[in-house]
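Right, one structure below, let's go through it.
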Amino acid sequence: AVPTADAAGTRYVDMVFPATTLVSNLTYATAPALITGTPTNLLLDVYQPTGDALAQRPALIAIHGGGFKGGDKVAVADWSAEWARRGYVVLNINYRLDAGNKCQEIQDGKVPPAQLAAETARCTAAINAAQFDAHAAVRWLRAHAGTYRVDPTRIAAIGSSAGAVTAVHMAYRWENPGDIGDNDGQDSRIGAALAMSGCNY
């Protein structure tokens, strides 16, 4: 049976499913690493509500934080599982990182003027790569919507910190989604962005 509004709660609001089913480390695209240019597999995890019979579920792209220099998709595993228990399909994504970027130092005014242009360009490259990778995950999901029983018209992004910046960029900079991955025929746009401590950079 498909849980709906009943004594157990309301789908999409309450955790009406007791468990989630996880598929880990699927490659959604390959992209050149930011510093070395080495082809890198971009991985995601798919969380689904266990026992859900609904044919088309809304989906969330979950994006971890870490200053565009660190972090991993497992950092948002707990709340991804909670969203799945509410009835969503949730994709936790890894995206390309630059461990040596000085995005935070730029924001804090701690980069010497002589280095500012170069460091700003490096930071911008990392921020753009995160957005382009996340948009590639949206296109991958639309290409596999039947497999994961996702409604391709109801996809949102959610993130914290750098992930929130990325979610906002996915919404506001949708006209420049990049060309990462093999699903160019799919739409990159999302229907909503949920930003926790992040803004348009």
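Note that the structure is predicted; figures quoted are calculated from it, not measured. Counting from 1, the numbers follow the sequence of the chain as shown.
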Does the side chain of [Y] come within less than 4.5 Å of [X]'s, by heavy atoms?
X	Y	result
Ile158	Met196	yes
Asn92	Val74	no
Thr27	Leu43	yes
Asp151	Pro58	no
Pro32	Arg96	yes
Arg57	Pro49	yes

Which atom names give the shortest non-hydrogen contact between [X] and [Y], and what distance separates them?
X	Y	answer
Val168	Ala195	CG2-CB, 3.7 Å
Ala84	Thr20	CB-CG2, 3.5 Å
Phe17	Arg11	CZ-NH1, 3.4 Å
Val16	Gly9	CG1-C, 3.7 Å
Gly159	Ala167	N-CB, 4.3 Å
Gly71	Leu97	O-CD1, 3.7 Å

Starting from the C-alpha separation in whole Å, work towards a yes-or-no answer on side chain to side chain contact (heavy atoms under 4.5 Å, CB included) for Lys73 and Tyr95.
CA-CA 9 Å; Lys73 57 187 168 54; Tyr95 52 93; over 6 Å; no
Look at atom CG of Asp179 and say whether more than 12 heavy atoms of other residues, nucleotides or ligands are closer to it than 6.0 Å.
no
Under 3.5 Å, side chain of Asn101 to main-chain N/O of Phe68, donor-acceptor pair present?
yes
Side-chain donor/acceptor of Asp98 to backbone N/O of Lys69, under 3.5 Å:
no
Considering the options Asp133, Asn183, Asp182, Leu141, which one meets the side-chain contact (heavy atoms from CB on, under 4.5 Å) requirement together with Tyr28?
Asp133
What residue among Ile180, Thr30, Leu26 forms side-chain contact (heavy atoms from CB on, under 4.5 Å) with Leu42?
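The side-chain contact (heavy atoms from CB on, under 4.5 Å) with Leu42 is passed solely by Ile180 among Ile180, Thr30, Leu26.
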Please test Val76 against Ile63 for side chain to side chain contact (heavy atoms under 4.5 Å, CB included), starting from the C-alpha separation and ending with a verdict.
CA-CA 7 Å; Val76 294; Ile63 311 165; over 6 Å; no
If you round to the nearest 0.5 Å, how far is [atom2] of [Y] from [atom1] of [X]?
X	Y	atom1	atom2	value
Asp14	Glu82	CG	CD	12.0 Å
His169	Asn176	NE2	CG	11.0 Å
Arg142	Ser188	CZ	OG	8.0 Å
Leu34	Arg122	CG	CZ	9.0 Å
Asp187	His135	CG	NE2	8.5 Å
Asp108	Cys103	CG	SG	11.0 Å

[Y] reachable from [X] in the ILVMFWY side-chain graph, under 4.5 Å edges:
X	Y	value
Trp174	Ile61	no
Val90	Tyr12	yes
Ile155	Val23	yes
Leu54	Trp83	yes
Trp79	Tyr47	yes

Under 3.5 Å, is there a donor-acceptor pair linking the side chains of Gln48 and Arg149?
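No, because no side-chain N or O of Gln48 sits under 3.5 Å from a partner of the opposite role on Arg149.
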Can you see whether Thr21 engages Thr50 through a side-chain donor-acceptor pair at a distance of less than 3.5 angstrom?
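Yes, Thr50 and Thr21 have a side-chain donor paired with an acceptor closer than 3.5 Å.
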May I have the step-by-step check of side chain to side chain contact (heavy atoms under 4.5 Å, CB included) for Arg173 and Asn128, ending in yes or no?
CA-CA 10 Å; Arg173 304 196 316 191; Asn128 289 343; 2.8 Å; yes
Parallel, tilted or perpendicular, judged at 30° and 60°: which one describes the rings of Tyr148 and Trp140?
tilted
Decide side chain to side chain contact (heavy atoms under 4.5 Å, CB included) for His64 and Asn94; before the verdict, give the C-alpha distance in whole Å, the side-chain angles of both, and the deciding distance to 0.1 Å.
CA-CA 8 Å; His64 68 80; Asn94 275 349; 3.9 Å; yes
